[in-house]
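First up is the structure itself, then whatever we jot down about it.
Counting convention: from 1, in listed order, for ligands and their atoms alike.
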Amino acid sequence: MTKVLKFGGASIQDVDSIKNVVSIIQSFKNQKLVVVFSAIANVTNMLEKVVDDFVRQDSNPLVTLNQIKELHHNILIDLFEKEHIIFDTVNNLFLEIEWVLEEEYNNEYSYNYDQIVSVGELLSTNILSAYLELNDFSNNLLDARDVFKTDNQYQSANINWELTDKCIKEKIKDFPVVTQGFIGCTSENFTTTLGREGSDFTAAVLANILNAEKVIIWKDVEGVLNADPRFFSETQLIKQLSFIDAIELAYYGAKVIHPKTIQPLKEKKIPLHVRSFKDINKSGTIINSEINNNKKPSYIVKENQVLISISDLDLSFIIEEHLSYIFMLLSNFNITINLMQNSAVSFSICIDNHSHKIPLLIEEISKKFSVYYNMDLNLYTIRYYDDESISKVISDKKIFLEQKSRNTVQFITS
Ligand code: ASP
Ligand code: MG
């Protein structure tokens with residue numbers, strides 16, 4: 001049965017890590033494999049800078065583009081002989097970005113973003129596929145855009161399941177397959193992206209449609225931890241998680257898995273194994289349909305939050321009509337609420353700080369309501385909390401808002 005392996009950018013950041021990944025893949029020889037790659041480490045961020053420079057026109061996008069070229073070129077010269085065709089392939093991919101940059105900016109930020117940023121995954125997969133071939137691991141490089149059919153909501157495109165199902169079944173016949181995460185294609189053949197960190201989702205969709213036996217996501221951490229090591233000094237590996245718990249953790253902001261990843265796996269009961277590419281002897285975390293009764297606290301932190309409190313101009317009650325208007329605005333801005341709470345006279349929402357959208361949103365709301373807001377806050381979530389875990393989180397912090405349910409408590413703090 002098919003296995004889907006997904007490697008993120010951190011696993012392919014330089015020549016040594018690429019060689020490590022190749023040896024991991026070789027250890028699955030003779031199995032029906034689909035291997036999904038993200039862009040090489042940091043390349044997506046750098047490509048985003050190219051887009052921003054192109055759009056803002058205050059600095060030259062070619063400066064960062066040249067750094068990205070150099071980074072890839074340095075990897076190529078170590079992995080391949082000078083005559084290898086991969087040098088041309090890579091050059092041609094960069095040309096596609098240059099063509100976009102030569103055009104006058106057309107005010108379609110998200111469209112331009114997708115045309116430019118998607119090249120990161122095209123580069124990494126072409127390089128990895130060729131290097132696997134060189135190491136006697138022949139493989140079929142599949143352009144994900146030939147199978148991942150999406151709408152034209154650029155930067156966060158939604159896949160058309162019916163068409164994608166059909167294309168995947170038609171095009172994926174011979175294994176092993178190497179393909180890009182994160183990218184897709186509209187019905188008019190324009191490239192789209194599925195949202196930052198979307199490669200996990202790509203792997204899950206492939207697994208769902210191919211009825212895979214298992215998905216393995218290879219990370220630079222041991223597996224899913226009960227807390228983010230950037231904020232907590234003591235962390236523990238969670239050995240097994242139910243699909244539901246994994247969805248909740250990802251939703252509250254746990255960084256290990258993209259929130260959309262679990263649903264396609266849960267539907268077909270396909271286990272997800274999160275394990276370390278640095279130490280393949282570690283057992284990692286298994287996410288599957290088994291319910292885990294060992295409910296220890298997990299801690300999740302979302303940084304850079306904005307808390308907006310909205311009240312009626314004459315301090316009357318916030319009624320349904322007001323709420324539906326506020327929700328409509330949020331939906332128009334494509335902003336997700338991380339936490340909300342209402343009291344008699346005010347309604348509060350906590351959202352990510354999308355720097356370009358927040359001032360516009362606040363301006364819109366202020367036309368009808370009075371608005372207070374605080375920036376630079378953190379949203380702490382404790383799943384399966386107890387007194388001890390709560391005091392660990394809030395002891396030294398100023399709390400702006402708190403919300404408790406049976407399994408979860410959340411605090412917005414400065
Ligand atoms: N390369 C993309 C990103 O960094 C997609 C991914 O890594 O999943 O967001
Ligand atoms: Mg990634």
Item checked: Option nearest atom 3 (C) of ligand 1 (shortest heavy-atom distance, choices R196, Q180, E121) ->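 Answer by nearest heavy atom: R196.
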Item checked: Cation over ring face, K368 and Y325, 6.0 Å, 45° ->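 Yes, cation above the ring, under 6.0 Å and within 45°.
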Check: Has K19 got its NZ or CZ under 6.0 Å from the middle of the six-membered ring of Y131, at an angle within 45 degrees of the ring axis?
Finding: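 Here K19 fails the 6.0 Å and 45° test against Y131.
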Check: So is there a nitrogen or oxygen of S38 less than 3.5 Å from a nitrogen or oxygen in ligand 1?
Finding: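 Yes; the residue has a nitrogen or oxygen that sits under 3.5 Å from a nitrogen or oxygen of the ligand.
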Check: For ligand 1, is G9 a contact, meaning one of its heavy atoms is under 4.0 Å away?
Finding: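 Contact absent.
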Note to self: Is the distance between the ring centroids of F333 and H354 under 6.0 Å?
What the structure shows: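 Centroid distance H354-F333: not below 6.0 Å, so no.
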Checklist line | For E197, the ligand 1 atoms whose distance to one of its heavy atoms is below 4.0 Å | finding: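 In order of numbering, the contacting atoms are 3 (C), 4 (O), 5 (C), 6 (C), 7 (O), 8 (O), 9 (O).
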Margin query: Determine whether Y105 and F54 satisfy the following criterion, ring pair (Phe, Tyr, Trp, His ring centres under 6.0 Å), listing intermediate values before the conclusion.
Written below: CA-CA 7 Å; Y105 173 53; F54 172 57; 5.7 Å; yes
